[in-house]
Protein chains: 2
Amino acid sequence: MSPHTPAADRTPVTGRTADDDTRQPGMADVARLAGVSAQTVSRALAGHPHVRQSTRAKVLAAVEELGYRRNNAARMLSSGRSRTIGVVTLRTTFYSRANLLFGIEAAAREAGYAVSTATSASLDTAAIEDALSRLAEQDVEGVVLSVPLVHVSPGIERLTRSVPTVTVDGSRTAATEIVAVDQTLAARLATRHLIELGHETVWHVAGPREWLDAAGRRTGWRDTLEEAGRSVPPVLEGDWTPASGYRNGLVLGRIPDVTAVFVASDEMAFGVIRALHETGRRVPRDISVVGVDDIALAEYCSPSLTTVAQPFAEMGALAVARLLRHIADPDAAPEPASVEPVLVVRASTAPVEGPAQGPAKRRS
Amino acid sequence: MSPHTPAADRTPVTGRTADDDTRQPGMADVARLAGVSAQTVSRALAGHPHVRQSTRAKVLAAVEELGYRRNNAARMLSSGRSRTIGVVTLRTTFYSRANLLFGIEAAAREAGYAVSTATSASLDTAAIEDALSRLAEQDVEGVVLSVPLVHVSPGIERLTRSVPTVTVDGSRTAATEIVAVDQTLAARLATRHLIELGHETVWHVAGPREWLDAAGRRTGWRDTLEEAGRSVPPVLEGDWTPASGYRNGLVLGRIPDVTAVFVASDEMAFGVIRALHETGRRVPRDISVVGVDDIALAEYCSPSLTTVAQPFAEMGALAVARLLRHIADPDAAPEPASVEPVLVVRASTAPVEGPAQGPAKRRS
DNA sequence: CCGACCCTTGGCATCGATAACATACTCGAC
DNA sequence: GTCGAGTATGTTATCGATGCCAAGGGTCGG
């Protein structure tokens, strides 16, 4: 027939039972049936204001009758908008990231945006950069970078400059808005809680330095101790895995005067607790432990875990809102937003034992 | 200028620093610079066979120089292919689903497909149907339905008929291929393990009936017991949450002759164990517990959990492979595939205590 | 030395919808 | 009654790349 038939007999996604052999109806077909122009159909479907109610109704009826669906590719080509945002996240299933992804997804869908994901297996800047550029090639209108990077490579910098980007719990890059849980606060809540229970000082099992949230918790913990005039024990380094918590727990168990530990994630906290048990220290009788995340299991391991919960859904929604605003008005001043974590007290923390302690030595 | 300027000054995703104010280069620009026709550029970039090596090189050089990127929308419109697949999954962060999502994502990216996700907050068929149709409207070429539905609604049925679909761990729908972990086997492995340790019978805390994997585990467990000639205790119903495990654990703790429990997920297993402890039963001394999933924490709670691991990455890859094959050749016969789970023995299971037991009463 | 055939490349129409511009029309106010 | 402001709809050009067809140029066999 025509010199170019591709779209004629391919079978794009149909909503109909596809029992009739008619080709996919186009906007022109709808227009004909409704007795208006294609343009009007377009307007009616786009919710354009200047369309008479009766006309809109006719159009919608025709759409319904034909089972018409607008062709995305054509729309995109003509309007230059893809109505898609991308999310870069880590494939490592640490509870928090996965949850955040769902929060973002939900919010974006709600706003009428499709979500395309690109995951990276590691925090390595090259991998992240790769994920980001894969998204860029898909013409996403914006990207949520859900990657707790402390440092950004020039490549990432360049990419984030060319696509509206919101960073979640990561470093600010040049053209980027940032949404984050106030990790410093999370650490303060945990640390203060332990101090108030009468513990002389609080040890810390931290996350890797490359993770920004880990860094925030580290400083929040240190600052709180210093402000309270307590000594700051050396930091123990973990890598988020329960195994690393376990290793550090074995160390802590051997240090006699350890009575309180703030662990940078629940998963590591479980490892720590296990190790403490194995070294004969009881939690919370001998040592109190606080985690971060409030994973589902936190309440059901024994002892149930005192932890700092992070509002992931809220964060996802906030990130998407920021991103859409930025897309709509690229000149709007980027204003960092942060949401507050909440301390959830359970059974892994308890007041210090013995008479010698009490709220004695407080300075400030 | 022209009556239609939209794409001229919008700023689609650029790879370049965007310092010059030139509009996005088009294929025509590349063609001009390379001294060939646009058509040839298209062919060169598409890896078409009949293009002279030297020409291809010229084209690539021009592409490089201009920082050209093919416009996806145009490509899609003209070719009718979106190079995107959709994934429908659950927002509930049960470890297994999230992991599966990552597996699928990785495999699809590898194959050069973009991945668009649509999550549903519940297993409710209406919600799933909605997610599925949102994807369909995006012109995805295929869908991975990562939803353990037992029953499918007519709407879902219809949709899966119009878009190539692969179901992961869910029911077969008319036009659908299916990839699944052999959940029956998972249950058999767990149950057999407990029997071999000398337990007279094995109790079961199951997942909700609407979940196909829960159903599979249920029958696998029952069949194994029956084949071994053991009595089959009543099933305890859970909903995957640690809380439901806890509730059921409290019940189990009150039944004197319970010595072994197969729990349908690790998270519930943790709840069960906690409850058992609270009712004064020791694990594994008094009661052995086996979970399913092998979540990261399984190894680090005390006692570390014996569980059945599922190969999620492998499943994701398999699902994507099947889907792409189906897209390429819609007539290929759908052949269900299943991958095998693996028993991981840790410290929550132990041989039955006391002399009275032993491998005495075995029948078959 | 010529025709058949393959490798390369160009021309043209086309995918389906939208933005800008233009036109007809409605309604209230002077 | 007529003019102006705004409303409702049609017309046209266009987005950017691809598929089909055909043409130019070379090779190989007879």
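Chain letters run A, B, ... following the sequence lines, proteins first and then strands; every chain starts at 1. It should be emphasised that the depicted structure is a prediction, and the values quoted were computed from it without experimental measurement.
In terms of the side-chain contact (heavy atoms from CB on, under 4.5 Å) criterion, residue partners of B:Glu129 (sequence neighbours excluded) are, by chain and number, B:Ser153, B:Ile156, B:Arg158, B:Leu159. Qualifying side-chain contact (heavy atoms from CB on, under 4.5 Å) partners for B:Arg325, counting only residues two or more places apart in sequence or in other chains: B:Glu177, B:Arg322, B:Ala332, B:Glu335.
Taken to the nearest 0.5 Å, the CG atom of A:Leu135 stands 8.0 Å off from the OG1 atom of A:Thr117. Residue B:Ile85 holds its CD1 atom at 8.5 Å from OH of B:Tyr113, rounded to the nearest 0.5 Å. Rounding to the nearest 0.5 Å gives a distance of 8.0 Å between CD of B:Gln138 and OG1 of B:Thr84. For the atom pair B:Ser120 OG and B:Ile128 CD1, the distance stands at 4.0 Å (nearest 0.5 Å).
Comparing the helix axis at one end of the helix from C:dC1-D:dG30 to C:dC30-D:dG1 with that at the other, each defined from 5 consecutive pairs, gives an inter-axis angle of 40° (nearest 10°).
For the pair B:Arg91 and A:Phe102, the NZ or CZ position fails the cation-pi test of under 6.0 Å to the six-membered ring centre and within 45 degrees of the ring normal.
Between the CZ atom of A:Arg81 and the C1' atom of D:dG16 there is a distance of 19 Å, rounded to whole Å. Rounded to whole angstrom, the span from the CG atom of B:Asn72 across to the P atom of C:dG16 amounts to 18 Å. Computed from coordinates, the B:Arg75 CZ to D:dC15 C1' distance equals 16 Å when rounded to whole Å. In this structure, A:Arg32 atom CZ and C:dG16 atom C1' are separated by 13 Å, rounded to whole Å. Atom OH in B:Tyr68 sits about 10 Å away from atom P in D:dG16, given to the nearest Å. Following rounding to the nearest Å, A:Asn71 (CG) and C:dG16 (C1') show an atom-to-atom distance of 6 Å. Straight-line distance from the CG atom of B:Leu77 to the P atom of C:dA17: 9 Å, rounded to whole Å. Rounded to whole angstrom, the span from the CG atom of B:Asp29 across to the P atom of D:dG16 amounts to 9 Å.
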Got a list of side-chain donor-acceptor pairs under 3.5 Å for residues 38-53 of chain B, not counting sequence neighbours?
unit_1  : atom_1 : unit_2  : atom_2 : d
B:Thr40 : OG1    : B:Ser37 : OG     : 3.2

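Contacts with DNA chain C (heavy atom under 4.0 Å) in residues 36-45 of chain B: B:Val36, B:Ser37, B:Gln39, B:Thr40, B:Arg43, listed by number. Taken residue by residue, residues 46-60 of chain B places no heavy atom nearer than 4.0 Å to DNA chain D.
Residue A:Val88 forms a side chain to side chain contact (heavy atoms under 4.5 Å, CB included) with just one option from A:Val144, A:Thr119, A:Asp130, A:Val143, and that option is A:Val143.
At a threshold of 4.0 Å, the pair B:Arg81-B:Glu141 counts as salt-bridged, since one of the basic side-chain nitrogens sits closer than that to a carboxylate oxygen.
Put simply, the side chain of A:Val147 does not reach to within 4.5 Å of the side chain of A:Thr89, judged on heavy atoms.
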